[in-house]
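Read through the structure below, which is laid out as structure tokens, and then see the notes.
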Protein chains: 2
Amino acid sequence: MSVPFAQILRVPGYRKVAAAIAERILSRELREGERLPSETELARQFGVNRSTVREALRELESGGLLERRPGSKLMTVSRPQHRAVAKDVSRALALHDVTFFEVWEALTQLEPPIAEIAARNRTAADLDSITAARQQFAAGNTETGKAVHQAAEFFRCVGRATHNQVLALAQEPLLDLLEPSLRVMIDKVPQARSRIAAAQQRILEAITRRDVEAARGWMAKHIRDFRKGYELADIALDCRVHVSPHRLPVTGCG
Amino acid sequence: MSVPFAQILRVPGYRKVAAAIAERILSRELREGERLPSETELARQFGVNRSTVREALRELESGGLLERRPGSKLMTVSRPQHRAVAKDVSRALALHDVTFFEVWEALTQLEPPIAEIAARNRTAADLDSITAARQQFAAGNTETGKAVHQAAEFFRCVGRATHNQVLALAQEPLLDLLEPSLRVMIDKVPQARSRIAAAQQRILEAITRRDVEAARGWMAKHIRDFRKGYELADIALDCRVHVSPHRLPVTGCG
DNA sequence: GATGGCCTAATTGTCGGACAATCATACGAT
DNA sequence: ATCGTATGATTGTCCGACAATTAGGCCATC
């Protein structure tokens, strides 16, 4: 057989339009908060129909490059929010049959360094937010769903304290995937709440006195403890993680 | 001031349709590869216009939940590809003014554990692909762009060898963000190629004999070396990373 | 001067219909 | 069995339309 021909690629117009707008955003030609022209105007400029423009806008909107400020009509340029991007990642991982063990292993590797760097770089404001998260969890008399959310929030605050966006974003999907199983665990294992609260306390103390070694060590122990909790709760480590679907209706009740 | 009222939320139809389809995909009711009904049929079922359905499809398509098999008309359900998701993450990070230092620091924390776990879990097939990637880079007489891509490919192969999708996906955005600056570095620092090749060789050897300590250690050194290279190339660590925009035209030349 | 009401124009969300180009499929010819 | 053809389905794109909402200007009132 001779050299195969390259595929003929037909790119639909809505994708070209989306790509053109996306390029201007990525090149900072369009800056955050800037308002996009109206759909009619865009259609005129690109020389396509408004329907085509709208399909392109949906693509950009879904990617987080455009958003509509609440109560506003025109779309504004925006930077994809970390939470939204993380949701996409965790959704992808869940669809790829990621096991709980994989998530736990990643946490094992990622969280201790995060704690260490947080101990090194944290500011007073970071301490405040971590403390607040810890206290909210330690209050403890909340329902399971909220408690789980608060436990995740503690990790998020520590992640932000690293002042490294890459690390902070990297842990977000893990927290998403952790959440559902953590909910089961907290319900099933009576001592889980107090153990988590104690771990948070020690981590917070270490970060407070900038003790990088202790912060890393306690965080490592904290993660190891999770695994024990899962075993106590009879949650198999090799079963698939799930993810709550409520992502697209960011704006809730229709 | 009294308790503020909740915002009135009006969810447009195209988003409801997208959410409804996404939910069926996430719940595995619609399985991968399954073909979606035609737009007309979907419009009939949802009781909306075809234009509305199309906007919803663009949203799902952009999120990677739907794709069109090449040369096919109907959309099929798909799981978001890791590469595509990673592109979104790196794009988001770039737009959030992530500095090169942050990327490097994340690599410092993430890659050594990946090498260690790869050394523990690698199969013979993994060794083959890592070896192939190493050889392609070591051949060395390629142009800069290709060389950079091959260097990243080495990391990818090691990541896959961990058999942990979470870790493998976590490093992908870092490689995307590394690429542009690595291109500059390889061009400016003459000895860069050989040093990278040597590091790859040692890492590969360690992974081959399942020496987890050595794998972690050499990888750590490899990453530290990157930093030296950047200093030699006069690339400031606190400058923003960039990302190539060619993401949306996955299908190239229009 | 600030506030609130009112009017007009602009904008979005949605609809209906239309058509060319392409794809899927069955049928028939060689 | 392979190739050409006819037919229907599907997508990409267009046009035009309309209700609901928002933006912005103008004016009266306090």
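In this text, all values refer to a predicted model and were calculated from it rather than measured experimentally. Order of the sequence lines fixes the chain letters, A, B, ..., with proteins taken first and strands second; residue numbering starts at 1 for each chain.
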| Side chain of Asn121(B), backbone of Thr162(B): donor and acceptor closer than 3.5 Å? | yes

| Between dA9(D) atom C1' and Leu42(B) atom CG, what is the distance in whole Å? | 14 Å

| field | Nearest-nucleotide pick for Ser38(A), side chain only, options being dG13(C), dT12(C), dT13(D) | value | dT12(C)

| request: Consider the side chain of Arg35(A), meaning its heavy atoms from C-beta on, and name the nucleotide among dT12(C), dG24(D), dG12(D) that approaches it most closely. | output: dG24(D)

| said: Between Ser51(A) and dG12(D), is there a contact of a side-chain N or O with OP1 or OP2 at under 4.0 Å? | reply: no

| query | If only side-chain N and O atoms of Thr52(B) are considered, is one of them under 4.0 Å from the OP1 or OP2 phosphate oxygen of dC15(C)? | reply | yes

| More than 12 heavy atoms of other groups within 6.0 Å of Arg35(B) CZ | no

| Does a side-chain N or O from Tyr14(B) land closer than 4.0 Å to OP1 or OP2 of dT14(C), or not? | no

| message | Using every non-hydrogen atom in the two residues, find where Leu65(B) and Ile25(B) come nearest and quote the distance to one decimal. | response | O-CD1, 3.7 Å

| field | N/O (side chain, Arg68(A)) to phosphate O (OP1/OP2, dG13(C)) under 4.0 Å | value | yes

| Any donor-acceptor pair under 3.5 Å from Glu102(B) side chain to Thr99(B) backbone | yes

| query | Could you state the CD-P distance from Glu41(A) to dT11(C), rounded to the nearest angstrom? | reply | 8 Å

| message | Is there, by distance only and without an angle test, a donor paired with an acceptor across the side chain of Arg50(A) and the base of dG16(D) below 3.5 Å? | response | no

| task | Give a yes/no on whether any side-chain N or O of Asn49(A) is located under 4.0 angstrom from OP1 or OP2 of dT13(D). | result | no

| said: Is it the case that over 12 heavy atoms from other parts of the model lie below 6.0 angstrom from the CZ atom of Arg31(B)? | reply: no

| query | Which nucleotide in the list dT14(C), dC14(D), dT11(D) gets nearest to the side chain of Val48(A)? | reply | dC14(D)

| query | Is there a side-chain polar atom (N or O) of Arg54(B) under 4.0 Å from OP1 or OP2 of dT14(C)? | reply | no

| query | Does a nitrogen or oxygen in the side chain of Arg10(B) sit under 4.0 Å from OP1 or OP2 of dT22(D)? | reply | yes

| said: Using whole Å, what does the distance between atom P of nucleotide dT12(C) and atom CD of Glu39(A) come to? | reply: 4 Å

| Leu36(A) CG to dA10(C) P, straight-line distance once rounded to whole Å | 19 Å

